[in-house]
Amino acid sequence: MGWDAFGLPAEQYAVQTGTHPSITTRANIETFRRQIQSLGFSYDWDREISTTHPAYVRWTQWIFALLYDTWFDEAQGKGRPISELPIPEGLNAAQKTAFINSRRLAYIDEMAVWWCSALGTVLANEEVIDGKSERGNHPCMRLPLRQWMLRITAYASRLLRDLEEVEWPDETKKQQREWIGESQGAEVDFQVEGSEDKIRVFTTRPDTLYGATFMVLAPEHSLVTRLTSKEQADAVHDYVLKTASKSELERSANKEKTGVALGSYAINPVNGQRIPIWISDYVLATYGTGAIMSVPGHDERDGEFARQFGLPIIQVVQAPEGFEGECFTGDGVAINSELINGLPTPEAKKTIIAHLESQGKGKGKTQYRLRDWIFSRQRYWGEPFPIIHRQDGTCELVPDAQLPVELPELEDFRPSGNPEPLLAKAREWLNTKDSSGKEALRETNTMPNWAGSCWYYLRFIDPRNNEQPWDAEREKYWMPVDLYVGGREHAVLHLLYARFWHKVLFDRGYVSTSEPFRKLFHQGMILGMAYEDAEKKLIPSDEVKETEGGFEHNGQPVKQVVAKMSKSLKNVVNPDDILKEFGADSLRMYEMFMGPLEITKPWNTKDVGGVARFLQRVWRLIIDEETGQVKPAGEKDAPELERALHRCIKKVGDDIERMAFNTAVSAMMIFLNEASAGGAPTLSQSQRERFVLTLAPFAPHLCEELWERLGHQQTLAYEPFPSYAEEMLTDDVIEVPVQVNGKLRARLQVSPEIDTAELEKMARQAVAEWLEGKETKKVVVIPKRMVNLVV
RNA sequence: GCGGGAGUGGCGGAAUGGUAGACGCACGGGACUUAAAAUCCCGGGAUCGCAAGAUCGUGCGGGUUCGAGUCCCGCCUUCCGUACCA
C-alpha cells in the first residue's frame, strides 16, 4: 500500500484550518489504513510507503537529479549522462553552461500560469472558471513565471512506438496516441518585411503555401511587441491583455474568431507575396512554433478568420467535383501554385519541402502535439527541488549525500500576495551555501503531485532500502508490473508521465524493462444517488423524502439521478457504516456484484442487503441456526447438484480470470438457489468444502469460519481453488429454439448429441403450422444452439 | 471546440452474431405469526386477451445478415480527459 499524499487539497485544508498538512495527512492515512485493513484485503503491509515520507522524498529528488543529469541523444534515440554530451568547441564558460542547460531533460523556462492578484496566489486550472477565481469570483490572468520543465517531448516518438508492446485497453492506447499527436509536415521561415526577423511556422500542408494570404501569431508570441506598428499598438496591447484572461480550453472552443493586425508584413517564401501579420487567440503559443501561415482556402479555422476580417482567400488545391463546402481540407491536385501545379497532394508536399530545403527557408519536420511538462508548483506541500541557485545565476544540484532536502516548517500557509512560491517565506531554510562555499539560495518551487506517483511501483520492490532507490536483482525479479489497475482519468497524464520517467531510468540503466506496466485495467468510479428537481437542480439527499413510487423535496416531486458523491449533496457513503451494518464480506461482495469492474456505477445501500442475505443463506446451508452446530452432511455427493457445482466452479474460476466478478457472484447465487431449493438433496462434506473454497476469495471471513467448523485446523488461504471436470458441464437434455424467418416459434428438448438431420426433422414438426403451404428456402441449423427455417 | 467511452425493465445489471432481461434490489401476492420483523414460496418488459397465445420491444434513423443489444453508416443524449485536482 502506498499513500500518494502531497498535493493541493491537503494544502488548501491547511490554509483553511491552520493545521500543518503533515498532521492532517497522517491522520487521513491512519483512517484509510484502518478502513482498508477492516475489509480484509491482502496487501503486504511490510511494503507500505508514503510519498511524503523523507525516506521516499529522498529518492524522488534523486530521480529529479538524474533527469537533470540526462540529455537525449537524437542519433541513438536514448537518454545519456551529461558527462557524455558533446560540447561544441569555441564556447566560453557561460555559453557552455547555457548549451548544457539547453539539452538537459530538466530545465528552466518561463511558462504561463493562472495568477489572481486579489487572492494573491497562483491558481490551478480547475480553480479558475471563465477567467474568474472559483473562490471569490476575482479576475485572473495568465502570467509567465519561471518554471522547471521536463523534456518529455524528447521521448515522444518512443512513447508512441512502445505502446505496441503493452497489453492496454485499445481506447487508452488511442488516447495516448492522440495526445502525443505526431504529425508530419514542414517548418517554414517567413521573412518579416523590412526587418532581420523571421517568423517560423509549422504546417502539415506545405503544399498549400501559395494559398497563404496572411500569418497569425499567438498573442503571447515573443515577436509580437517588435512587429507591432505604432498605429496598432493600443489595439494589440488590449487584445493581448484580453487573451491573458482566457484558458486554452476557452480559446480553442470559441467559434467566434477574434484578432488584431500588427500592422507589419511578411514575405511568402515561395512567391514573394507581401502578406499581413495578425495575432489571434485561436493560435496557441504551446503548439508548434506559436505561429501559423494561414491558408483560408483549405483550413476551416483560417477560413472563418479570413471571412471575419475580409482577408483574401485563394484556392490552391482542386476540390473534387460536386464539393459544396466553403473550405476543402482534403487531398487533391495543386492549382495556382507555380512549382507544383498538377501534382497530387503527397507529391506536392515533397516537392515544396525539397524546394524550401534547397533555399534554406524551411525543412521537413515531425511535430508533436505533446508539450514539455511544467514540473514545478508555487506551493508548499510538495517535494522541494534538490537545487541551489548560485549568485552568478547558474544552478547546481544538492549533493546526493545531503538528500533529502526536507520542507521547512511553516507557520502560515496563506498566499504570500506575490507570485513567488511559498517556500520563499522560510528565510532560514532559503539561505544556504553552494559547493564553493558562497552564499546561495535554495529553489523555492516544489514538485507537482505526479512526481511521487511516477515511480512508487518501483519502490514497492524494495521499500526499506537506504542505500539505493531499489536493488537491481529485486527489480529484475519483479518488473514489469503484471497488472496495473487505475482509473481512466489517468489515461494521458499519470500513465504517460510514469512511462516517461521509466524510459529515462531504463536508458540510464536503473530498470530492466522499457515499459513499466505490462497489462492495464481501468476500474469504474462508484457514484452516489442524487435528486434533481424540475429545473435540473441537484438537491441534497437529506432534504429529499421517499414517497410511494417516487421522491419529493418540499412537496415537489424530484427525480433520482446518479452523481458524484460529495459533501454538498450529502450522499457520501462511509465504509465504516456499511461494515457495521452488513460486515466486511458483504461490502466486498457488493462492490464486486454491483456491475462490471470497468464501468461507472451508482452505490445503492439497499442492494448490499441482497448480498448480505446471500451470505446468511450460505451460513444456514451448513450451520443449524437453532443449535449453532454444523448440519449433518449427505453421505455421498448428491448427483443432482454435482453438475451444478462443477458449472459454478468453472464459471467462477473463468470469471475471476477475466475480472468479471459480478457474474461470478451471480453464478454462486444460482448454485445456492439450486442447493437450497425445496426438495434439494443435502450437500456432501466434499461438496460443501468445494463450495466454501469457491466463495472464499469473495467472502474470506465467513468462509474461514465455515472451513474451521467443517473440521479444518489450518486456514483455507493456501488451499487450491477447486477444480471441475469437463464432462460434468454438459446436460443430458438441452433446449434448442426453433425459429421461422428469424422469429422464435418453438422450443425443443433434445439430447446434445442429436444429429443435424434429426434435429431439423423435429424442428419442422414443431413448427408445422407456420410452414404449411410454404416452400422452405433455407435451413440454418447450428448444433446445440438453434434452428432457423426460412420460408 | 478537440480526443476517448457509454446508452438494455421502476433500479443495478446479464447475454462467443443464435431463446433479450440471468442474478440481485425495489414492488405485488401468499405461507408462518395474536401482530410485526425475519424467513420461505409465487409473480412480474409493454400492449391486447379469462387463458392459450399474438404483436411490439435493447437512445433515434438507415444498412449488412437466414438471424443484430452485439457488426457498418449518420444522428441524439450523457460521462471522462483537455496538460496546475490527482
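When reading the values below, keep in mind they use all heavy atoms of this one structure, side chains included, and skip hydrogens, waters and symmetry mates. Note on naming: letters A, B, ... go to the chains in the order of the sequence lines (proteins, then strands), and numbering restarts at 1 for each one.
Using Watson-Crick or G-U wobble geometry with both donor-acceptor distances under 3.5 Å, B:G3 finds its partner in B:C80. Base pairing of B:G69: no nucleotide in any strand meets the Watson-Crick or G-U wobble criterion (both distances under 3.5 Å). Using N1 to N3 plus N6-O4 or O6-N4 for Watson-Crick, or N1-O2 and O6-N3 for G-U wobble, each under 3.5 Å, B:A15 pairs with nothing. B:G53: Watson-Crick or G-U partner is B:C48, with both key distances under 3.5 Å. B:C40 is paired with B:G30 under the Watson-Crick or G-U wobble criterion, all donor-acceptor distances under 3.5 Å.
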* Asked: How does protein reach along nucleotides 78-84 of chain B, written 5' to 3' as B (base within reach of a heavy atom under 4.0 Å), S (only sugar-phosphate), or - (no contact)?
  -> --SSBBB
* **Letter per nucleotide, 5' to 3', of nucleotides 70-77 of chain B [B base touched, S only sugar-phosphate touched, - untouched; heavy atoms, 4.0 Å]** => --------
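Between the side chain of A:Asp130 and the backbone N or O of A:Lys132 there is no donor-acceptor pair closer than 3.5 Å. For the pair A:Asn662 (side chain) and A:Phe593 (backbone), a donor-acceptor distance under 3.5 Å is absent.
Phosphate contact (OP1/OP2 of B:C23, side-chain N/O of A:Asn662, threshold under 4.0 Å): absent.
B:G9 and B:G81 have their C1' atoms separated by 33 Å, with the value rounded to a whole Å. Atom name C1', nucleotides B:C79 and B:C25: the rounded distance is 24 Å, in whole Å. On the P atoms, B:G57 is 12 Å away from B:A20, given to the nearest whole Å.
Out of B:G18, B:A22, B:G12, the shortest distance to the side chain of A:Phe593 is found at B:G12.
Listed in residue order, the members of residues 613-624 of chain A having a heavy atom less than 4.0 Å from RNA chain B are A:Arg613, A:Arg617, A:Arg620.
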